[in-house]
Amino acid sequence: MKKNLQALIQKLPSNTSGKDYVIGDLHGCFNLLERLLTEVAFDEANDRLFSVGDLADRGPDPLLCLELLAEPWFYAVQGNHEAMLMDFFQPYLGTGKLASLKDVNNTGLPQYGGSWIVDYYLSEQEVMADEFNRALRRVLALPLILVVGEGDSRFHIVHAELVKPGSLTSDQLVWLNSDIDQWLAEGTVPEGTRERLLWGRKLMHKSGSFGRAQNGLSTTFCGHTPQPAPCQSLSHVCVDTGAFLTLSARNLDGDYGLTLFNAHQSCWFTASYQHEGIARGRLPKT
Ligand SMILES: [Mn+2]
């Protein structure tokens with residue numbers, strides 16, 4: 001299946017030969033992903049893996065996670081961490097020279113776990129290492145929204161949420177399939193939606209405040225706001241269960257870890273740095 005890499009919103013056909021999985025915010029937790037793919041016997045020839053973004057930063061293997069973007073079975077949208085990376089490196093990609101990394105402090109990257117990029121800076125040549133550049137070019141091509149399949153089996157992938165800008169009542173809070181179809185026809189997303197798609201926390205900050213399903217909006221997988229287990233809010237299914245939080249041995253209530261979600265069976269598998277086993281669960285029917 002060929003990837004169409006350029007537009008901010010992209011459409012993919014249903015997978016007729018294998019399964020579709022969605023992975024929560026990886027944040028460099030590559031080993032946890034390996035454990036999960038082994039657990040479900042992921043078939044690279046027929047299955048697809050969709051990422052809700054935030055591949056790098058915070059965890060132990062940021063570049064390995066970004067290199068997944070080269071795999072034909074791996075699809076991702078931008079997270080706010082990819083957006084921060086792109087914002088910082090955009091001028092460098094134009095000129096090919098980076099006099100120093102000192103301005104990186106103004107971008108928020110180090111505070112957001114992005115200090116690993118220092119390891120790939122070759123200060124004498126004022127460039128980044130080749131393997132970093134390759135990953136960066138792939139990040140630049142990431143869309144904000146993926147629309148997958150048709151009809152009842154249709155789903156969306158975004159990083160944070162499909163919430164409209166401004167203060168709205170709950171029955172008009174989220175964008176609907178009809179809006180998204182229009183964006184697909186136009187090949188872009190409207191001004192002002194990017195911020196919410198990357199950073200919004202309205203639906204998941206207080207999950208349970210809204211209904212689980214929204215008429216007119218297909219299941220929309222998202223991440224960004226770590227939950228103790230996958231949860232639903234206005235047709236959004238948050239699969240970010242805080243993989244990186246399990247790196248430090250703190251007491252966490254709930255099944256935090258990296259979650260792999262089977263898109264059509266509504267069941268999930270979660271791996272954690274805190275224990276060897278894999279937790280499992282299933283969403284209630286809406
Ligand atoms: Mn995020």
Side-chain angles (χ1 to χ4, degrees), residues 8-9 22-30 32-33 49-66 68-69 74-89 104 107-117 135-136 138-146 156-163 165 174-175 189 192-207 220-234 236-248 252 254 256-261 268 270 272-273:
L8 287 177
I9 177 163
V22 189
I23 192 77
D25 303 28
L26 278 160
H27 279 311
C29 301
F30 189 80
L32 295 184
L33 176 64
L49 182 61
F50 293 92
S51 157
V52 295
D54 281 6
L55 300 169
D57 305 340
R58 306 197 197 280
D61 297 306
L63 197 66
L64 274 181
C65 288
L66 289 175
L68 287 164
L69 295 170
F74 188 84
Y75 296 82
V77 292
Q78 289 173 43
N80 55 307
H81 286 255
E82 282 77 32
M84 286 188 285
L85 200 66
M86 283 157 60
D87 288 347
F88 178 73
F89 283 105
V104 81
T107 64
L109 270 176
Q111 299 91 299
Y112 282 88
S115 52
W116 61 277
I117 60 175
L136 189 61
R138 293 206 165 89
V139 167
L140 275 179
L142 292 177
L144 288 167
I145 305 175
L146 278 169
H156 306 135
I157 307 284
V158 301
H159 181 59
E161 58 189 12
L162 279 171
V163 165
V174 293
W175 298 103
V189 298
T193 53
R194 184 174 182 262
E195 188 73 12
R196 292 268 183 176
L197 282 164
L198 293 173
W199 294 90
R201 294 197 196 275
K202 193 164 184 101
L203 295 185
M204 293 303 161
H205 191 56
K206 284 194 211 158
S207 61
T220 298
F221 292 103
C222 62
H224 188 56
T225 305
Q227 307 290 330
C231 63
Q232 291 166 288
S233 187
L234 296 183
H236 287 58
V237 175
C238 182
V239 294
D240 179 22
T241 48
F244 74 94
L245 295 173
T246 69
L247 279 161
S248 56
L252 292 164
Y256 286 97
L258 182 67
T259 288
L260 181 72
F261 198 100
W268 70 80
T270 303
S272 158
Y273 286 109

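When a ligand or atom number is given, it counts from 1 through the structure's own listing order. For the numbers below, each heavy atom of this structure counts, side chains included, while hydrogens, waters and symmetry mates do not.
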A.B. asks: Is the gap between the ring centers of H81 and H159 under 6.0 Å?
C.D. replies: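 For H81 and H159, the ring centres are not under 6.0 Å apart.
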A.B. asks: Nearest heavy-atom pair of G192 and P165: which atoms, and what distance?
C.D. replies: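 Looking at all heavy atoms of both residues, the shortest contact is O-CG, 4.3 Å.
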A.B. asks: Excluding waters, how many protein N/O/S atoms sit closer than 2.8 Å to the Mn ion (ligand 1)?
C.D. replies: 4
A.B. asks: Heavy atoms, side chains only, cut-off 4.5 Å: are L68 and L49 in contact?
C.D. replies: no
A.B. asks: Evaluate the side-chain proximity of V237 to W268: yes if any heavy-atom separation is below 4.5 Å, no if none is.
C.D. replies: no
A.B. asks: Could you report the tightest heavy-atom contact between L258 and T241, atom names first, then the distance?
C.D. replies: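 Looking at all heavy atoms of both residues, the closest pair is C-OG1, 4.1 Å.
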A.B. asks: Are the side chains of P228 and Y256 in touch, meaning some heavy atoms are under 4.5 Å apart?
C.D. replies: yes
